[in-house]
Structure formats: C-alpha cells, structure tokens
Enquirer: 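Structure in structure tokens, see below.
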Amino acid sequence: HNGITRPKGYTVSYHANPAVEAHHFGSSHPMKPWRLVLTKELVLAYGMHHAMDLYLSRAATFEEMAEFHTEDYLEFLRQVIPADMEAAEQSDRIASYNIGDDCPIFDGLFNYCSLYAGGTVDAARKLVNNQADIAINWSGGLHHAKKTEASGFCYVNDIVLGILQLLRFHPRVMYIDIDVHHGDGVEQAFWSTDRVLTVSFHKYDKDNFFPGTGALDSNGPSHPLNPGSRHAINVPLNDGIEDGDYLQLFKAVISSCVETYNPGAIVLQCGADSLGCDRLGCFNLNVTGHGACVAYTKTLGLPMLVVGGGGYTPRNVSRAWAHETSILIDAADKIDPNIPDTVTFRNQFAPDYSLFPPLSEMRKIENKNSKQYLNNLVATIREQLRYMQG
Ligand code: TV7
Ligand code: CA
Ligand code: ZN
C-alpha cells in the first residue's frame, strides 16, 4: 500500500459498523447515513486502516442506553414501527417523544440507534482500559437527544453515554463541539455537575436557527452552591465565519479551558455542517480549517474520543472526516490531495476530485463576525473561567 503506517507512540481505534449506513430517514430528509459509506471509502482507499485498530461496533444494550435515557422512552424506540406514524391511537405518545419531521420513525430505527451508541460506548471503553489513546466513531455525535425525547435528527445521545463511561475513571472530562448547531443535549445532561465542562461553538440566532439555545451568558446553574455552576461554555457565532478567525478563536477558548479545568480526557464532536457549502449550515470553513481544530485538540496530548455529528453535504462530510482521520493517525502529510482512482463513487467528488476543494469560495456567505465581536467572546469566556475556578 501507499506507506501509511501506525502512528509512533500511541494507538488509534476506529469503531464502525456498515449496518448503520443502510438506514434511511426518508428521501427528502437532510440526514444521510450514506455519508458514512463515502467516509469509509476514502479511509480505506488511502490505506488509513493499516494505522488503526479496527472494531466492528456492537449494538449498545438497552441497559447501557438506560444509563442516560428512561426505560419508557427506550421501550418506545424499540417497539415503534413506521406504520404507527399514521395510527391515531399512537399519536399522543409519538408527539410526547418529539417524533415528527425532524426525527421520523423509519425501518430499523432502534437498531440504528443502538449501533451508533454502541460504537461510542466501545470507543470510550478503549480509552478507559488504556487500549487506545484516540478512539473514533464517525457514526456518533448525536448531541441533541434528551433523556426522554428525540430532537434534531438525534434519538439516543451517544456522547452522553460515552462521557458517562469516561467519568468512571476520569474525575473531569471536557466536551468540545464544532457542529454548527448548539450541543444542547450534552450541555443539559451535565448542566448540574462540575465533572464535565461542555464547550460548544455554533451559529446562534435565538429565533431563527435550531435549537435556539447556547447564548454566551448561558453557563450553567447560577446558584453558587450548585457544583455545575458555570461549567457550560457557549461560543455563539454569526453567519460566514472563516478558517483563520475560527481557528484563532478555537485555540484561544480551548487553551484557556484546558488550563483552568485540567481535564483527564477530551470528547470532540466533529459535526461537519460547520463547513462551507453545507446544506443546512451557514459557516465558511474549509476541510483544512475544520481539520485544524482537530489537529490542535490532538496537540493537548489527552485521551480523546472523536465522534461525528451533523454534516449535510455528504461529499464534503466524507472529505472532512477522512482528512481528520489522517490527522489523528499522524499521516496528513502522506495523503494525496487528489482522491485516488480506486475510490468507489469517485464521481461524487467531481469536478475537482480533490480532498480540499475551496468550499469558502464556492458559496460565499458574508462574514458577519467582526474582529471586535470575536475578541469580546474570548474576553468574556476568560472572565467566566476565572469565576469557574472559584
Ligand atoms: C446533529 N433544520 C442536527 C441538526 C438538526 C436541525 C432542522 C431541518 C429539516 C428537516 C427536514 C427536512 C430540513 C431543509 C433543517 C424547527 C423546525 C423546522 C421540519 C421540516 N428539511 C445536528 C433541526 C432543524 C425533515 N429543526 O446538530 C424532513 O431542512 O429547525 C428545526 C425545527 C420544525 C421541523 N421542521 C423544520 O446537525 C446531527 N430541520 C426535510 C424533510
Ligand atoms: Ca456546536
Ligand atoms: Zn448540526
């Protein structure tokens, strides 16, 4: 093969199950599990699998998922079938779990949820057992799911389940979320504990962008006796942010958080809807800019659980996650930017066949984040961190 070898001095585990990819939310629904097929094609074509321990994700058990979700809700997910969407006698129950256009019932729903959740739980356990230093599950990262309901294309919150595994061993875990949407489900799950610091970068517009939460001053319970006080960091952004500004902001915020909080492990949600040209997103990041955040996080040298998330232009999602896999195995410099001839579905990458097309120029969205706005974000967050320290 093309000279991709195992990284020196550390181990990367890769968790996937092709059965996840086969599920369909519906033809017009933006979430396409098929993007995982394209990601896998690139990872294999570049020979990156030679550098990692590969694991076939197992389905998370009902009991494992019940560490966060209620049994009622899980039981509902297990038994519901697409025909129930039309059945009047089920309609109240379906509505109560927030099932609808965003979170439809499709064939194999419970199987889909338990497989992506199982991948993240497995990945977290590899880190805890010292069998891996970095563990990757691109099918996970479904950050909106709540204890008792689905939300924003997410049904089971695999990230919360993964963090719960890490908390068995690590006193403090830091969660970083670069999906264009606010990581509300993870924030809410750990809102009242000081053992998890959640940090989400997202487009914020209370009334016009999902989920409408994640304001700069939304930092956890304000009561001084509540241990979770100020352990949620939110970085609300406007349309059109570009690579340079985003990376500078990311480094400033994350370095300050790590310095103050001193986490034992990091969970990084790599939602690829923050890329330019995303069907639902509104940022201007390139594959290289998105990847630079992953590369920076890796330099912190902490055990790292890496998950996927959003991403609605499948060809670009797969470009980003393949590039980020190469960064995590320390092989980014050995990867040919021209997508290999051997990739199945290579026509998806036309006309440039490049891993790094100029996304920010292809559908330019005006950058509404002034330098002053970004500087104020960093200053305010540093102030919050001073209070967090007590
Ligand atoms: C992690 N935006 C998830 C992001 C979840 C975003 C939303 C859609 C959408 C849904 C569709 C669809 C869509 C073109 C886009 C207020 C509503 C408006 C449903 C039509 N096309 C992640 C969730 C967000 C479903 N939801 O962070 C079927 O866009 O804005 C909303 C809520 C009510 C429901 N309607 C949308 O990236 C994985 N949904 C087409 C078909
Ligand atoms: Ca986010
Ligand atoms: Zn998203």
Side-chain angles (χ1 to χ4, degrees), residues 30-32 35 38-39 42 141 143 152 176-183 199-212 214-216 234-254 268-297 308-324 326-327 332 337 339 348-378 381:
M31 177 56 100
K32 308 281 181 207
R35 66 209 176 123
L38 277 187
T39 304
L42 291 178
H143 58 180
I176 308 172
D177 184 318
I178 60 170
D179 190 289
V180 75
H181 298 97
H182 177 225
V199 188
S200 176
F201 298 78
H202 46 266
K203 153 85 175 177
Y204 176 71
D205 180 342
K206 192 167 119 37
D207 301 311
N208 299 305
F209 197 74
F210 186 85
L216 181 59
N234 281 301
V235 191
L237 297 166
N238 302 313
D239 284 2
I241 192 162
E242 289 168 16
D243 293 339
D245 284 347
Y246 193 92
L247 183 60
Q248 194 184 8
L249 178 68
F250 185 84
K251 286 180 175 173
V253 170
I254 298 304
L268 178 60
Q269 195 266 22
C270 298
D273 46 8
S274 41
L275 294 171
C277 294
D278 186 80
R279 182 174 160 198
L280 298 189
C282 51
F283 289 173
N284 264 328
L285 300 186
N286 286 296
V287 170
T288 48
H290 198 267
C293 297
V294 178
Y296 176 73
T297 307
Y312 306 100
T313 303
R315 60 185 183 279
N316 295 333
V317 177
S318 65
R319 284 170 160 127
W321 291 349
H323 173 56
E324 288 161 13
S326 81
I327 289 168
I339 291 174
Q348 290 284 316
F349 303 101
D352 51 273
Y353 301 100
S354 168
L355 206 51
F356 310 109
L359 300 180
S360 60
E361 279 140 58
M362 289 160 73
R363 190 190 70 161
K364 197 127 193 115
I365 293 181
E366 194 193 342
N367 184 2
K368 299 273 196 190
N369 303 274
S370 66
K371 298 280 182 206
Q372 191 202 330
Y373 178 78
L374 298 173
N375 289 340
N376 176 61
L377 287 179
V378 175
I381 289 165

Enquirer: Enter the distance from S274:OG to I178:CD1 here, rounded to the nearest 0.5 Å.
Expert: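 Reported value, rounded in 0.5 Å steps: 5.0 Å.
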Enquirer: Give a yes or no on whether the backbone of D278 and the side-chain of R363 come within a donor-acceptor separation of less than 3.5 Å.
Expert: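 Pair found, side chain donor or acceptor close to backbone of D278.
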Enquirer: Do N234 and H182 have side-chain atoms, one donor and one acceptor, less than 3.5 Å apart?
Expert: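 Side chains of N234 and H182: pair found under 3.5 Å.
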Enquirer: Calculate, to the nearest 0.5 Å, the distance between atoms CG and CG belonging to D239 and N367 respectively.
Expert: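 It is 9.0 Å, given to the nearest 0.5 Å.
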Enquirer: For N316, does its backbone N or O pair with a side-chain atom of T313 as donor and acceptor, under 3.5 Å?
Expert: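 It does not hold such a pair.
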Enquirer: What pair of heavy atoms forms the shortest contact from A320 to V287, and how long is it?
Expert: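 Where A320 meets V287 most closely, the heavy atoms are CA-CG1, 3.8 Å.
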Enquirer: Looking only at heavy atoms, what is the nearest atom pair of C277 and L359, with distance?
Expert: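 Heavy atoms only, the tightest pair is SG-O, 3.6 Å.
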Enquirer: So which atom in H202 and which in G214 form the shortest heavy-atom distance, rounded to 0.1 Å?
Expert: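 H202 and G214 have their closest heavy atoms at NE2-O, 2.7 Å.
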Enquirer: One pair to check against side-chain contact (heavy atoms from CB on, under 4.5 Å): H143 and D179. What are the steps and the verdict?
Expert: CA-CA 9 Å; H143 58 180; D179 190 289; 3.4 Å; yes
Enquirer: I'd like to know if the side chain of E242 reaches the main chain of G244, judged simply by a donor and an acceptor atom lying under 3.5 Å from each other, with no hydrogens or angles considered.
Expert: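 No, E242 side chain to G244 backbone: no donor-acceptor pair under 3.5 Å.
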Enquirer: For residues V199 and V253, determine if any side-chain heavy atom of one lies less than 4.5 Å from a side-chain heavy atom of the other.
Expert: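 They are in contact (side-chain heavy atoms under 4.5 Å apart), so the answer is yes.
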Enquirer: Does any part of the side chain of L377, heavy atoms only, come nearer than 4.5 Å to the side chain of L237, both counted from C-beta?
Expert: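 In contact.
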Enquirer: Could you tell me whether the side chain of S360 and the main chain of N286 form a donor-acceptor pair under 3.5 Å?
Expert: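 Between the backbone of N286 and the side chain of S360 there is no qualifying donor-acceptor contact (under 3.5 Å).
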Enquirer: Are the side chain of D273 and the backbone N or O of L280 linked by a donor-acceptor pair below 3.5 Å?
Expert: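 Looks like no, no N/O pair under 3.5 Å.
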Enquirer: Which atom pairs, donor and acceptor, lie under 3.5 Å between side-chain atoms of residues 349-358 and protein residues at least two apart or in another chain?
Expert:
{"unit_1": "D352", "atom_1": "OD2", "unit_2": "R319", "atom_2": "NH2", "d": "3.0"}
{"unit_1": "D352", "atom_1": "OD2", "unit_2": "S354", "atom_2": "N", "d": "2.9"}
{"unit_1": "S354", "atom_1": "OG", "unit_2": "F356", "atom_2": "N", "d": "2.9"}

Enquirer: Rounded at 0.5 Å granularity, tell me how far CZ in F201 sits from CD in Q269.
Expert: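 That separation rounds to 12.5 Å.
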Enquirer: Say you draw a straight line from NE2 of H181 to NZ of K203; how long is it, rounded to the nearest 0.5 Å?
Expert: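 Rounded to the nearest 0.5 Å, the NE2-NZ separation comes to 10.5 Å.
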Enquirer: Decide yes or no for T288 and D243: does some side-chain heavy atom of the first lie under 4.5 Å from some side-chain heavy atom of the second?
Expert: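 With C-beta onward as the side chain, the pair touches.
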Enquirer: Please report the closest heavy-atom contact between C270 and V294, naming both atoms and the distance.
Expert: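 Reported closest heavy-atom pair: SG-CG2, 3.9 Å.
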Enquirer: Relative to each other, are the rings of F250 and Y296 parallel, tilted or perpendicular (30° and 60° limits)?
Expert: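 Perpendicular: the ring planes of F250 and Y296 meet at over 60°.
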Enquirer: Among N284, I241, N369, V235, which one satisfies side-chain contact (heavy atoms from CB on, under 4.5 Å) with Y246?
Expert: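 That would be I241; it is the only one of N284, I241, N369, V235 passing the side-chain contact (heavy atoms from CB on, under 4.5 Å) with Y246.
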Enquirer: Which atom pair, heavy atoms only, marks the closest approach of P30 to Y312?
Expert: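 What the structure gives for the nearest pair is O-CD2, 3.3 Å.
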Enquirer: Output side-chain donor-acceptor pairs under 3.5 Å for residues 204-212, partner residues at least two apart or in another chain, one line each.
Expert:
{"unit_1": "D205", "atom_1": "OD1", "unit_2": "D207", "atom_2": "N", "d": "3.3"}
{"unit_1": "D205", "atom_1": "OD1", "unit_2": "N208", "atom_2": "N", "d": "3.4"}
{"unit_1": "D205", "atom_1": "OD2", "unit_2": "N208", "atom_2": "ND2", "d": "3.4"}

Enquirer: If you measure from the Lys or Arg side-chain nitrogens to the Asp or Glu carboxylate oxygens, is any gap between K368 and E366 under 4.0 Å?
Expert: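 Looking at K368 and E366, the cut-off is met.
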Enquirer: Could you pull out the closest heavy-atom pair between G291 and H323, with the gap in Å?
Expert: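 The pair with the smallest heavy-atom distance is CA-CD2, 4.1 Å.
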